[in-house]
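Please read these numbers as outputs of a predicted model, since none were measured by experiment. Each ligand, and each atom within it, is numbered from 1 in the order the structure gives.
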Amino acid sequence: MANSKYEYVREFEENPTLLPNTFIVVRVDGRGFHKFANKHGFQKPNDRRALDLMNAAAEATMREISDISIAYGVSDEYSFVFDRATSLFDRRTSKILTTVVSTFTSYYVYHWPTFFSGEDQGLSPPLPSFDGRVVLYPSTKNIRDYLSWRQVDCHINNLYNTTFWTLVERGKLSNREAEERLKGTVSADKNEILFSQFGINYNNEPELFKKGSVLYRVVSESFPIHLIQRPDTISKTQAEKQRKLRQKATIQKEHVDIIQDAFWEANPYLLLDS
Ligand code: ATP
Ligand code: ATP
Ligand code: MG
Ligand code: MG
(Lines give C-alpha, C1' and ligand atoms only; values in the text may rest on other atoms or scores of the structure.)
(Ligands and ions follow the chains in the order given, each with its own letter.)
Protein backbone atom coordinates (compact mmCIF):
# COMPACT_ATOMS: atom_id res chain seq x y z
CA MET A 1 0.00 0.00 0.00
CA ALA A 2 1.36 3.45 -0.92
CA ASN A 3 2.38 5.73 1.90
CA SER A 4 0.22 8.79 2.40
CA LYS A 5 -0.59 11.30 5.07
CA TYR A 6 -3.69 9.25 5.78
CA GLU A 7 -1.72 6.12 6.58
CA TYR A 8 -1.80 6.87 10.33
CA VAL A 9 -5.47 5.82 10.56
CA ARG A 10 -4.30 2.24 10.35
CA GLU A 11 -3.14 2.59 13.94
CA PHE A 12 -6.79 2.74 14.98
CA GLU A 13 -7.24 -0.86 13.86
CA GLU A 14 -7.44 -3.44 16.58
CA ASN A 15 -6.15 -6.88 15.86
CA PRO A 16 -7.11 -9.15 18.70
CA THR A 17 -5.66 -12.65 18.43
CA LEU A 18 -6.79 -15.95 19.83
CA LEU A 19 -4.86 -17.50 22.72
CA PRO A 20 -2.17 -19.91 21.49
CA ASN A 21 -2.47 -23.63 22.07
CA THR A 22 -6.23 -23.71 22.51
CA PHE A 23 -8.95 -25.26 20.38
CA ILE A 24 -10.71 -22.61 18.31
CA VAL A 25 -14.36 -23.24 17.56
CA VAL A 26 -16.26 -21.14 15.07
CA ARG A 27 -20.00 -21.75 15.19
CA VAL A 28 -22.19 -20.36 12.45
CA ASP A 29 -25.97 -20.20 12.78
CA GLY A 30 -28.63 -19.27 10.24
CA ARG A 31 -30.20 -15.90 10.87
CA GLY A 32 -33.97 -16.06 11.24
CA PHE A 33 -34.13 -19.55 9.81
CA HIS A 34 -37.46 -20.30 11.42
CA LYS A 35 -38.96 -17.80 8.98
CA PHE A 36 -36.58 -18.74 6.17
CA ALA A 37 -37.63 -22.41 6.54
CA ASN A 38 -41.30 -21.48 6.24
CA LYS A 39 -40.70 -19.28 3.23
CA HIS A 40 -38.97 -22.10 1.37
CA GLY A 41 -41.33 -24.84 2.45
CA PHE A 42 -38.87 -26.85 4.59
CA GLN A 43 -40.51 -30.07 5.75
CA LYS A 44 -41.06 -30.20 9.50
CA PRO A 45 -39.30 -30.96 11.67
CA ASN A 46 -36.43 -32.12 9.43
CA ASP A 47 -36.04 -31.12 5.82
CA ARG A 48 -33.44 -33.45 4.40
CA ARG A 49 -32.55 -31.17 1.50
CA ALA A 50 -31.78 -28.34 3.93
CA LEU A 51 -29.57 -30.61 6.03
CA ASP A 52 -27.77 -31.94 2.95
CA LEU A 53 -27.19 -28.35 1.85
CA MET A 54 -25.74 -27.40 5.26
CA ASN A 55 -23.43 -30.43 5.01
CA ALA A 56 -22.33 -29.53 1.48
CA ALA A 57 -21.53 -25.94 2.54
CA ALA A 58 -19.63 -27.18 5.58
CA GLU A 59 -17.61 -29.71 3.59
CA ALA A 60 -16.62 -27.02 1.08
CA THR A 61 -15.62 -24.71 3.93
CA MET A 62 -13.50 -27.42 5.49
CA ARG A 63 -11.83 -28.12 2.17
CA GLU A 64 -10.95 -24.45 1.66
CA ILE A 65 -9.81 -23.92 5.24
CA SER A 66 -7.65 -26.95 5.79
CA ASP A 67 -6.76 -26.07 9.40
CA ILE A 68 -10.26 -27.14 10.40
CA SER A 69 -9.94 -30.68 11.71
CA ILE A 70 -13.52 -31.58 12.52
CA ALA A 71 -16.95 -30.04 12.07
CA TYR A 72 -20.33 -30.83 13.61
CA GLY A 73 -23.69 -29.66 12.28
CA VAL A 74 -27.33 -29.78 13.29
CA SER A 75 -30.37 -27.75 12.19
CA ASP A 76 -29.15 -24.35 10.92
CA GLU A 77 -25.83 -24.40 12.79
CA TYR A 78 -22.34 -25.73 12.15
CA SER A 79 -19.35 -25.82 14.51
CA PHE A 80 -15.86 -25.82 13.02
CA VAL A 81 -13.02 -26.97 15.26
CA PHE A 82 -9.51 -25.90 14.33
CA ASP A 83 -6.28 -27.70 14.98
CA ARG A 84 -5.08 -26.68 18.38
CA ALA A 85 -1.78 -25.41 16.96
CA THR A 86 -3.16 -23.59 13.94
CA SER A 87 -1.34 -20.43 12.92
CA LEU A 88 -3.91 -19.46 10.30
CA PHE A 89 -3.95 -15.64 9.89
CA ASP A 90 -1.59 -15.53 12.89
CA ARG A 91 -4.72 -16.50 14.87
CA ARG A 92 -6.33 -13.11 14.29
CA THR A 93 -9.88 -13.35 15.60
CA SER A 94 -11.69 -11.28 12.99
CA LYS A 95 -9.90 -12.87 10.04
CA ILE A 96 -10.69 -16.39 11.20
CA LEU A 97 -14.30 -15.69 12.13
CA THR A 98 -15.25 -13.68 9.06
CA THR A 99 -13.50 -16.03 6.64
CA VAL A 100 -15.38 -19.04 7.99
CA VAL A 101 -18.74 -17.29 8.03
CA SER A 102 -18.45 -15.82 4.54
CA THR A 103 -17.01 -18.99 2.99
CA PHE A 104 -19.84 -21.02 4.51
CA THR A 105 -22.50 -18.54 3.39
CA SER A 106 -21.14 -18.36 -0.16
CA TYR A 107 -21.23 -22.12 -0.53
CA TYR A 108 -24.72 -22.31 0.99
CA VAL A 109 -25.98 -20.00 -1.73
CA TYR A 110 -23.82 -21.64 -4.42
CA HIS A 111 -25.13 -25.14 -3.65
CA TRP A 112 -28.75 -24.06 -3.08
CA PRO A 113 -29.94 -25.03 -6.61
CA THR A 114 -28.42 -28.50 -6.23
CA PHE A 115 -30.74 -29.29 -3.35
CA PHE A 116 -33.71 -27.00 -4.04
CA SER A 117 -34.31 -27.40 -7.73
CA GLY A 118 -38.11 -26.98 -7.92
CA GLU A 119 -39.67 -24.28 -10.02
CA ASP A 120 -40.62 -21.88 -7.23
CA GLN A 121 -37.66 -22.76 -5.02
CA GLY A 122 -35.23 -20.15 -6.28
CA LEU A 123 -33.66 -17.81 -3.74
CA SER A 124 -34.96 -14.27 -3.41
CA PRO A 125 -34.47 -11.70 -0.64
CA PRO A 126 -34.32 -12.06 2.27
CA LEU A 127 -31.34 -14.23 1.28
CA PRO A 128 -29.81 -16.70 3.73
CA SER A 129 -27.26 -15.21 6.08
CA PHE A 130 -25.35 -16.61 9.02
CA ASP A 131 -23.97 -15.15 12.20
CA GLY A 132 -20.84 -16.54 13.77
CA ARG A 133 -18.95 -16.63 17.04
CA VAL A 134 -15.55 -17.80 18.17
CA VAL A 135 -15.04 -19.76 21.37
CA LEU A 136 -11.76 -21.08 22.77
CA TYR A 137 -11.43 -24.35 24.64
CA PRO A 138 -8.21 -25.05 26.51
CA SER A 139 -8.41 -28.81 27.05
CA THR A 140 -9.40 -31.91 25.13
CA LYS A 141 -12.06 -32.54 27.76
CA ASN A 142 -13.52 -29.07 27.19
CA ILE A 143 -13.67 -29.42 23.42
CA ARG A 144 -15.21 -32.87 23.68
CA ASP A 145 -17.75 -31.54 26.17
CA TYR A 146 -18.54 -28.69 23.78
CA LEU A 147 -19.28 -31.15 20.96
CA SER A 148 -21.25 -33.38 23.34
CA TRP A 149 -23.31 -30.36 24.35
CA ARG A 150 -24.25 -29.67 20.74
CA GLN A 151 -25.11 -33.33 20.09
CA VAL A 152 -27.23 -33.62 23.23
CA ASP A 153 -29.02 -30.47 22.11
CA CYS A 154 -29.65 -32.12 18.75
CA HIS A 155 -31.13 -35.18 20.47
CA ILE A 156 -33.37 -33.24 22.86
CA ASN A 157 -34.68 -30.89 20.15
CA ASN A 158 -35.21 -33.67 17.65
CA LEU A 159 -37.15 -35.87 20.03
CA TYR A 160 -39.33 -32.92 21.02
CA ASN A 161 -39.86 -31.75 17.44
CA THR A 162 -40.55 -35.26 16.11
CA THR A 163 -43.20 -35.84 18.79
CA PHE A 164 -44.67 -32.36 18.39
CA TRP A 165 -45.09 -32.61 14.62
CA THR A 166 -46.40 -36.17 14.82
CA LEU A 167 -49.08 -35.00 17.26
CA VAL A 168 -49.95 -32.13 14.91
CA GLU A 169 -49.79 -33.89 11.55
CA ARG A 170 -50.98 -37.37 12.43
CA GLY A 171 -52.72 -36.75 15.77
CA LYS A 172 -54.57 -33.75 14.33
CA LEU A 173 -53.83 -31.61 17.39
CA SER A 174 -53.41 -27.88 16.99
CA ASN A 175 -49.93 -26.46 17.64
CA ARG A 176 -51.14 -25.22 21.02
CA GLU A 177 -52.67 -28.54 21.99
CA ALA A 178 -49.48 -30.37 21.04
CA GLU A 179 -47.45 -27.95 23.11
CA GLU A 180 -49.77 -28.51 26.09
CA ARG A 181 -49.58 -32.28 25.64
CA LEU A 182 -45.76 -32.17 25.78
CA LYS A 183 -45.46 -29.80 28.72
CA GLY A 184 -43.55 -31.43 31.56
CA THR A 185 -42.85 -34.66 29.67
CA VAL A 186 -39.46 -36.38 29.83
CA SER A 187 -37.77 -38.36 27.03
CA ALA A 188 -39.41 -41.64 28.05
CA ASP A 189 -42.88 -40.04 27.84
CA LYS A 190 -42.21 -38.76 24.33
CA ASN A 191 -40.91 -42.15 23.20
CA GLU A 192 -44.06 -43.68 24.64
CA ILE A 193 -46.41 -41.22 22.88
CA LEU A 194 -44.68 -41.93 19.56
CA PHE A 195 -44.80 -45.68 20.05
CA SER A 196 -48.18 -46.32 21.64
CA GLN A 197 -50.19 -43.69 19.72
CA PHE A 198 -48.46 -43.77 16.36
CA GLY A 199 -46.44 -47.01 16.22
CA ILE A 200 -43.22 -45.02 15.74
CA ASN A 201 -40.05 -46.39 17.30
CA TYR A 202 -37.89 -43.29 17.76
CA ASN A 203 -34.75 -45.45 17.53
CA ASN A 204 -35.62 -46.17 13.91
CA GLU A 205 -35.64 -42.50 12.92
CA PRO A 206 -32.78 -41.54 10.53
CA GLU A 207 -29.39 -41.14 12.20
CA LEU A 208 -28.98 -37.83 10.33
CA PHE A 209 -31.90 -36.42 12.34
CA LYS A 210 -31.04 -38.03 15.68
CA LYS A 211 -27.29 -37.45 15.75
CA GLY A 212 -26.54 -34.55 13.41
CA SER A 213 -23.51 -34.69 11.09
CA VAL A 214 -19.79 -35.03 11.75
CA LEU A 215 -17.21 -34.16 9.10
CA TYR A 216 -13.56 -35.14 9.34
CA ARG A 217 -10.62 -36.13 7.15
CA VAL A 218 -10.12 -39.86 6.89
CA VAL A 219 -6.73 -41.43 7.27
CA SER A 220 -5.77 -43.25 4.09
CA GLU A 221 -2.77 -44.13 1.97
CA SER A 222 -2.69 -40.56 0.68
CA PHE A 223 -3.26 -39.12 4.16
CA PRO A 224 -1.16 -41.43 6.35
CA ILE A 225 -1.45 -41.19 10.08
CA HIS A 226 2.28 -40.98 10.71
CA LEU A 227 2.31 -37.68 8.82
CA ILE A 228 -0.34 -36.10 11.02
CA GLN A 229 1.54 -34.10 13.62
CA ARG A 230 1.09 -30.81 15.35
CA PRO A 231 2.46 -28.22 12.91
CA ASP A 232 4.44 -26.55 15.70
CA THR A 233 6.39 -29.73 16.37
CA ILE A 234 7.65 -30.23 12.81
CA SER A 235 9.74 -28.26 10.32
CA LYS A 236 8.17 -25.65 8.03
CA THR A 237 8.71 -27.90 5.00
CA GLN A 238 7.03 -30.81 6.74
CA ALA A 239 4.17 -28.57 7.85
CA GLU A 240 3.64 -27.36 4.29
CA LYS A 241 3.61 -30.96 3.06
CA GLN A 242 1.08 -31.83 5.72
CA ARG A 243 -1.12 -28.89 4.68
CA LYS A 244 -1.15 -30.12 1.06
CA LEU A 245 -2.06 -33.63 2.18
CA ARG A 246 -4.92 -32.25 4.23
CA GLN A 247 -6.26 -30.31 1.26
CA LYS A 248 -6.44 -33.47 -0.81
CA ALA A 249 -7.69 -35.83 1.90
CA THR A 250 -11.16 -37.34 1.68
CA ILE A 251 -13.66 -35.69 3.98
CA GLN A 252 -15.92 -38.21 5.62
CA LYS A 253 -19.48 -37.47 6.69
CA GLU A 254 -21.00 -39.54 9.47
CA HIS A 255 -24.03 -39.42 11.72
CA VAL A 256 -22.52 -41.06 14.76
CA ASP A 257 -22.24 -40.69 18.50
CA ILE A 258 -19.45 -38.25 19.38
CA ILE A 259 -20.25 -38.23 23.08
CA GLN A 260 -18.89 -41.69 23.91
CA ASP A 261 -15.17 -42.52 23.68
CA ALA A 262 -15.42 -44.94 20.73
CA PHE A 263 -15.38 -42.26 17.99
CA TRP A 264 -12.38 -40.49 19.51
CA GLU A 265 -10.46 -43.69 20.14
CA ALA A 266 -10.94 -44.63 16.49
CA ASN A 267 -9.74 -41.18 15.35
CA PRO A 268 -7.13 -40.07 17.88
CA TYR A 269 -5.46 -37.65 15.46
CA LEU A 270 -8.49 -35.32 15.35
CA LEU A 271 -7.80 -33.56 18.63
CA LEU A 272 -4.03 -33.73 18.96
CA ASP A 273 -3.05 -32.54 22.41
CA SER A 274 0.04 -30.68 23.52
P1 ATP B 1 -5.95 -11.22 1.37
O2 ATP B 1 -6.61 -12.53 1.41
O3 ATP B 1 -4.81 -11.08 2.29
O4 ATP B 1 -6.92 -10.06 1.46
P5 ATP B 1 -5.81 -10.41 -1.41
O6 ATP B 1 -5.20 -11.08 -2.59
O7 ATP B 1 -7.30 -10.30 -1.39
O8 ATP B 1 -5.27 -11.13 -0.10
P9 ATP B 1 -5.77 -7.53 -1.05
O10 ATP B 1 -4.71 -6.70 -0.36
O11 ATP B 1 -7.12 -7.59 -0.41
O12 ATP B 1 -5.15 -8.96 -1.30
O13 ATP B 1 -5.81 -6.97 -2.53
C14 ATP B 1 -6.85 -7.26 -3.42
C15 ATP B 1 -6.26 -7.60 -4.79
O16 ATP B 1 -7.32 -8.04 -5.59
C17 ATP B 1 -5.64 -6.43 -5.51
O18 ATP B 1 -4.29 -6.31 -5.26
C19 ATP B 1 -5.91 -6.78 -6.96
O20 ATP B 1 -4.92 -7.67 -7.45
C21 ATP B 1 -7.20 -7.55 -6.91
N22 ATP B 1 -8.38 -6.75 -7.21
C23 ATP B 1 -9.34 -6.38 -6.36
N24 ATP B 1 -10.28 -5.69 -6.93
C25 ATP B 1 -9.94 -5.61 -8.23
C26 ATP B 1 -10.53 -5.01 -9.38
N27 ATP B 1 -11.69 -4.37 -9.31
N28 ATP B 1 -9.90 -5.14 -10.54
C29 ATP B 1 -8.74 -5.81 -10.64
N30 ATP B 1 -8.12 -6.40 -9.61
C31 ATP B 1 -8.71 -6.31 -8.41
P1 ATP C 1 -31.77 -16.87 15.09
O2 ATP C 1 -31.60 -15.83 14.05
O3 ATP C 1 -31.81 -16.33 16.48
O4 ATP C 1 -30.79 -18.03 14.97
P5 ATP C 1 -33.67 -18.78 14.05
O6 ATP C 1 -35.08 -18.59 13.57
O7 ATP C 1 -32.66 -19.16 13.02
O8 ATP C 1 -33.25 -17.47 14.84
P9 ATP C 1 -32.80 -21.11 15.55
O10 ATP C 1 -32.90 -21.34 17.02
O11 ATP C 1 -31.44 -21.00 14.97
O12 ATP C 1 -33.72 -19.85 15.22
O13 ATP C 1 -33.60 -22.31 14.90
C14 ATP C 1 -33.51 -22.62 13.57
C15 ATP C 1 -34.90 -22.93 13.00
O16 ATP C 1 -34.79 -23.12 11.60
C17 ATP C 1 -35.51 -24.21 13.52
O18 ATP C 1 -36.23 -24.01 14.69
C19 ATP C 1 -36.40 -24.64 12.36
O20 ATP C 1 -37.63 -23.94 12.44
C21 ATP C 1 -35.67 -24.13 11.16
N22 ATP C 1 -34.84 -25.16 10.48
C23 ATP C 1 -33.48 -25.18 10.38
N24 ATP C 1 -33.07 -26.26 9.70
C25 ATP C 1 -34.16 -26.95 9.37
C26 ATP C 1 -34.39 -28.17 8.65
N27 ATP C 1 -33.39 -28.89 8.16
N28 ATP C 1 -35.66 -28.59 8.49
C29 ATP C 1 -36.69 -27.88 8.98
N30 ATP C 1 -36.56 -26.72 9.67
C31 ATP C 1 -35.31 -26.26 9.86
MG1 MG D 1 -30.69 -19.65 13.54
MG1 MG E 1 -29.96 -22.55 15.24
Going by the angle between their ring planes, with limits at 30° and 60°, are Phe42 and Phe116 parallel, tilted or perpendicular?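 It falls in the parallel class, under 30°.
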Once you measure the plane-to-plane angle for Phe164 and Tyr160, does it fall in the parallel (<30°), tilted (30-60°) or perpendicular (>60°) bin?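 Aromatic pair Phe164/Tyr160 classed parallel.
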Starting from [atom], locate the nearest protein heavy atom and write down its residue, its atom name and how far away it is, to 0.1 Å.
{"atom": "atom 5 (P) of ligand 2", "result": "Phe33 N, 3.4 Å"}
{"atom": "atom 15 (C) of ligand 2", "result": "His34 N, 3.8 Å"}
{"atom": "atom 17 (C) of ligand 2", "result": "Ser75 OG, 4.2 Å"}

Are there over 12 heavy-atom neighbours, none belonging to [X], within less than 6.0 Å of that residue's [atom1]?
{"X": "Lys248", "atom1": "NZ", "answer": "no"}
{"X": "Arg181", "atom1": "CZ", "answer": "no"}
{"X": "Phe198", "atom1": "CZ", "answer": "yes"}

Asn46 side chain near Leu208 side chain, heavy-atom distance below 4.5 Å: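 Heavy-atom side-chain distance check fails, nothing below 4.5 Å.
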Contact check, side chains of Phe82 and Ile65, non-hydrogen atoms, under 4.5 Å: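 A side-chain contact under 4.5 Å exists here.
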Contact partition for [X] relative to ligand 2, non-hydrogen atoms under 4.0 Å:
{"X": "Gln43", "value": "backbone"}
{"X": "Asp47", "value": "both"}
{"X": "Asp131", "value": "neither"}

What atoms of ligand 2 come closer than 4.0 angstrom to any heavy atom of [X]?
{"X": "Arg31", "result": "2 (O)"}
{"X": "Asp29", "result": "4 (O), 11 (O)"}
{"X": "Pro45", "result": "28 (N), 29 (C), 30 (N)"}
{"X": "Ala50", "result": "27 (N)"}

Hey, is the Mg ion (ligand 3) within less than 2.8 Å of some N/O/S atom on Gly30?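 Looking at Gly30, which is the residue asked about, there is an N, O or S atom under 2.8 Å from the Mg ion (ligand 3).
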Under 4.0 Å from [atom], is there at least one protein heavy atom?
{"atom": "atom 3 (O) of ligand 2", "result": "no"}
{"atom": "atom 7 (O) of ligand 2", "result": "yes"}
{"atom": "atom 10 (O) of ligand 2", "result": "no"}

Are any of the N/O atoms in [X] less than 3.5 Å from those in ligand 2?
{"X": "Ala37", "result": "no"}
{"X": "Phe42", "result": "no"}
{"X": "Gly32", "result": "yes"}
{"X": "Lys35", "result": "no"}
{"X": "Lys44", "result": "no"}

Return yes when Met54 approaches ligand 2 closer than 4.0 angstrom through a heavy atom, no otherwise.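 Under 4.0 Å: no for Met54.
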Donor-acceptor pair between Lys39 and Ser124 side chains, under 3.5 angstrom: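 The criterion, which ignores hydrogens and geometry beyond distance, is satisfied for Ser124 and Lys39.
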[X]-[Y] aromatic ring centre distance below 6.0 Å:
{"X": "Phe263", "Y": "Tyr216", "result": "yes"}
{"X": "Phe36", "Y": "Trp112", "result": "yes"}
{"X": "Phe130", "Y": "Phe33", "result": "yes"}

Please report, to 10°, the angle around the Mg ion (ligand 4) from atom OD1 (Asp76) across to atom OD2 (Asp29).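 It comes to 100°.
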Any idea which of Leu51, Asn46, Asp76 brings a heavy atom closest to atom 13 (O) of ligand 2?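 Residue with the shortest heavy-atom distance to the ligand atom: Asp76.
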Should Arg49 and Asp47 count as an ion pair when the cut-off is N to O under 4.0 Å?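 Looking at Arg49 and Asp47, the cut-off is met.
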Any ion pair linking Asp52 and Arg48 (charged N to carboxylate O, less than 4.0 Å)?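 No salt bridge links Arg48 with Asp52.
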